[in-house]
Amino acid sequence: MTDLERRAMSAYFKNLNALGATPMQPRPPTTVEHNGLTYVVLSNGGGVLAVYRVRIVNGKPVLKGLKRWPKEVEKC
């Protein structure tokens, strides 16, 4: 698991715990490239749980949680 994938898992669980929701257990995350952008996808047997877009800020990769994501990302 890459550093970005670990950070995506951590962000997923922190966000749901802050909302008081019970998180669903995701499979190992996958990193996907689509149209020149990089995404980290968390999913399980029921579908996609969360998608994070990788942005470069001050030369370092940063994750941005998405509310809507490209349909092509779900297929990977």
Side-chain angles (χ1 to χ4, degrees):
M1 189 179 309
T2 67
D3 180 54
L4 287 174
E5 292 171 345
R6 273 193 298 276
R7 289 168 41 197
M9 290 282 283
S10 177
Y12 170 71
F13 285 109
K14 283 181 185 177
N15 186 32
L16 288 179
N17 286 336
L19 295 174
T22 303
M24 296 180 70
Q25 186 63 37
R27 289 186 213 145
T30 56
T31 302
V32 177
E33 289 216 20
H34 175 66
N35 287 342
L37 299 174
T38 305
Y39 300 90
V40 178
V41 180
L42 300 177
S43 62
N44 67 8
V48 175
L49 300 174
V51 177
Y52 298 89
R53 184 166 52 95
V54 180
R55 301 179 342 172
I56 304 299
V57 177
N58 295 328
K60 296 183 180 183
V62 176
L63 294 174
K64 167 77 173 146
L66 301 178
K67 293 180 183 177
R68 294 182 309 253
W69 48 82
K71 294 285 184 193
E72 295 80 10
V73 171
E74 293 180 10
K75 298 174 186 173
C76 299

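By convention here, the first residue in the shown sequence is residue 1. No hydrogens, no waters, no symmetry mates; every other heavy atom, side chains included, goes into these values. What you are looking at is a predicted structure, and each value in this text was computed from that prediction instead of being measured.
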Pairs of donor and acceptor atoms involving the side chains of residues 1-24, under 3.5 Å and at least two apart or interchain, shall be tabulated with distances.
from  : atom 1 : to    : atom 2 : distance (Å)
Thr2  : OG1    : Glu5  : N      : 3.2
Asp3  : OD2    : Arg7  : NH1    : 3.3
Glu5  : OE1    : Thr2  : N      : 3.1
Glu5  : OE2    : Thr31 : OG1    : 2.8
Arg6  : NH1    : Met1  : O      : 2.8
Arg7  : NH2    : Pro61 : O      : 2.8
Tyr12 : OH     : Met24 : N      : 3.2
Tyr12 : OH     : Met24 : O      : 3.0
Asn17 : ND2    : Phe13 : O      : 3.2

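Here the rule is side chain to side chain contact (heavy atoms under 4.5 Å, CB included) with Val62, and of Val57, Ile56, Val54 only Val57 fits it.
Leu37 meets the side-chain contact (heavy atoms from CB on, under 4.5 Å) test with Tyr39, Arg53; sequence neighbours excluded.
Here side-chain hydrogen bond (donor to acceptor under 3.5 Å, both in side chains) pairs that include residues 54-71, with residues two or more places apart or in two chains, are Trp69-Glu74.
Taken to the nearest 0.5 Å, the OG1 atom of Thr38 stands 4.0 Å off from the CD atom of Glu33.
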With side-chain contact (heavy atoms from CB on, under 4.5 Å) as the test, would you mind laying out the steps for Val40 and Val51 before giving the verdict? CA-CA 6 Å; Val40 178; Val51 177; over 6 Å; no
